[in-house]
Amino acid sequence: SLAIRFQHRGEPEDIKMALQALQKALDVMPDEHTGTPMILTNLGNAFQLRFDRFRRLTDIENAISNHNSAVELAPEGHPSRPLLLANLATAMRSRFEHEQNQPSFDAAVAGFMRATDQKLGSPSQRFLYAARCVTMFVDHPEFSSHKPLLEVYSRIMSTLPEVIWLGHSVTRRYEESARVGALANAAVAVAIDSGDLKQAVEWLEEGRGLIWSQIASLRTPFDELGEQHPALAD
């Protein structure tokens with residue numbers, strides 16, 4: 001609550017007290033308690049909030065350190081691991097935006113890719129983390145190259161069938177289908193620019209197949225339509 005108030009008012013005392021409260025929570029937490037990773041990552045998020053406001057490098061380093069500790073305490077298969085990795089990657093992205101160098105750019109991209117790899121994460125989460133990678137490449141072409149960007153789009157394309165799952169609501173499926181079309185086009189464009197025409201054709205077919213399957217599933221059968229609106233059915 002103190003951290004949220006800091007975001008609204010910008011009072012330094014609020015974020016200071018938030019950090020103190022989180023540190024006290026850590027101090028009283030029993031060893032190997034399952035809740036420790038989340039407190040650590042919340043502590044990292046609080047340091048990042050202060051960094052975003054005052055741009056002190058020590059704050060973002062503390063944020064990354066706490067996020068790293070949280071990830072180390074959450075083994076493979078831990079339900080919170082995708083979120084912990086994404087928080088770490090977000091802090092690394094903030095450090096890159098401050099330092100503007102290749103090592104920090106590569107570290108942030110690698111962080112989001114690790115979050116994308118987590119099979120326990122929901123498809124929409126993995127899709128979001130991969131999309132954040134794409135945004136970094138698009139916003140900072142001077143630090144990017146075709147090969148890693150192709151890898152990011154490969155992750156995105158692999159999650160698309162799950163993102164527009166038939167079990168979602170009709171409204172959401174329409175929204176997701178629009179996103180799929182735009183991302184598939186972008187992926188194909190990158191593959192063409194890279195000279196990987198085979199991959200471009202495969203992604204184009206995959207994207208088209210997903211879109212058409214959605215359109216077909218969203219249509220009302222003609223016999224049902226004919227019962228209500230015969231002229232329209234004709």
Side-chain angles (χ1 to χ4, degrees), residues 4 38 41 74 76-87 89-90 93 109 111-139 141 144 146-234:
I4 291 170
M38 286 307 300
T41 202
E76 292 292 340
H78 191 287
S80 298
R81 188 172 173 83
L83 174 63
L84 301 178
L85 284 167
N87 286 343
T90 300
R93 181 179 62 186
V109 168
F112 282 123
M113 293 294 274
R114 285 178 69 194
T116 305
D117 278 338
Q118 302 300 302
K119 299 305 180 186
L120 274 181
S122 71
S124 59
Q125 279 182 317
R126 303 203 310 271
F127 181 88
L128 174 63
Y129 303 150
R132 287 177 182 173
C133 270
V134 171
T135 300
M136 288 192 67
F137 281 106
V138 171
D139 290 347
S144 62
H146 285 307
K147 184 177 179 179
L149 187 53
L150 276 173
E151 175 63 22
V152 174
Y153 272 118
S154 178
R155 304 286 180 88
I156 287 178
M157 295 300 291
S158 69
T159 63
L160 290 186
E162 298 172 89
V163 170
I164 56 171
W165 179 55
L166 293 176
H168 290 151
S169 67
V170 170
T171 300
R172 178 170 174 182
R173 282 155 62 193
Y174 272 121
E175 293 171 351
E176 298 294 0
S177 294
R179 293 172 67 195
V180 166
L183 278 165
N185 278 334
V188 169
V190 170
I192 292 172
D193 287 344
S194 303
D196 193 343
L197 301 184
K198 181 175 181 292
Q199 183 67 82
V201 171
E202 289 177 357
W203 283 346
L204 195 59
E205 284 295 301
E206 185 178 345
R208 186 175 70 164
L210 285 168
I211 296 298
W212 277 109
S213 68
Q214 285 296 303
I215 292 174
S217 70
L218 291 167
R219 280 182 176 161
T220 303
F222 274 116
D223 56 349
E224 293 182 18
L225 182 63
E227 293 175 3
Q228 302 294 326
H229 306 282
L232 182 59
D234 290 340

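Keep in mind that the numbers below use all heavy atoms, side chains included, and drop hydrogens, waters and symmetry copies. Positions are given from 1, in the same order as the sequence printed here.
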For residues 196-204, which side-chain N or O atoms pair as donor and acceptor with protein atoms under 3.5 Å away, sequence neighbours left out?
| from | atom 1 | to | atom 2 | distance (Å) |
| --- | --- | --- | --- | --- |
| Asp196 | OD1 | Gln199 | N | 3.2 |
| Lys198 | NZ | Glu202 | OE2 | 2.6 |

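Every residue meeting the side-chain contact (heavy atoms from CB on, under 4.5 Å) condition with Ser80, not counting sequence neighbours, appears here in chain and number order: Met38, His78, Leu84. Residues that satisfy the side chain to side chain donor-acceptor pair (under 3.5 Å) test with Lys147, not counting sequence neighbours, are absent from this structure. A search for salt bridge (charged side-chain N to carboxylate O under 4.0 Å, His left out) contacts involving Arg155 returns Asp117, Glu151, not counting sequence neighbours. The side chain to side chain donor-acceptor pair (under 3.5 Å) test applied to Ser194 returns His146, not counting sequence neighbours. Under the rule for a side chain to side chain donor-acceptor pair (under 3.5 Å), the partners of Thr41 that lie at least two apart in sequence or sit in another chain are His67, Asn87.
Within the 4.5 Å cutoff, the side chain of Cys133 has heavy atoms near those of the Val109 side chain. In this structure, Tyr153 and Leu183 have side chains that are in contact, with non-hydrogen atoms separated by less than 4.5 Å.
Atom CD in Glu205 sits 4.0 Å away from atom CZ in Arg208 (nearest 0.5 Å). The structure places CD1 of Ile156 at 14.0 Å from OH of Tyr129, a figure rounded to the nearest 0.5 Å. Going from atom OG1 of Thr116 over to atom CD of Gln125 covers 10.5 Å, rounded to the nearest 0.5 Å.
Across every non-hydrogen atom of Ala86 and Ala115, the tightest pair is N-CB, 4.0 Å.
In this structure, the side chain of Ser154 does not engage the main chain of Leu150 through any donor-acceptor pair within 3.5 Å.
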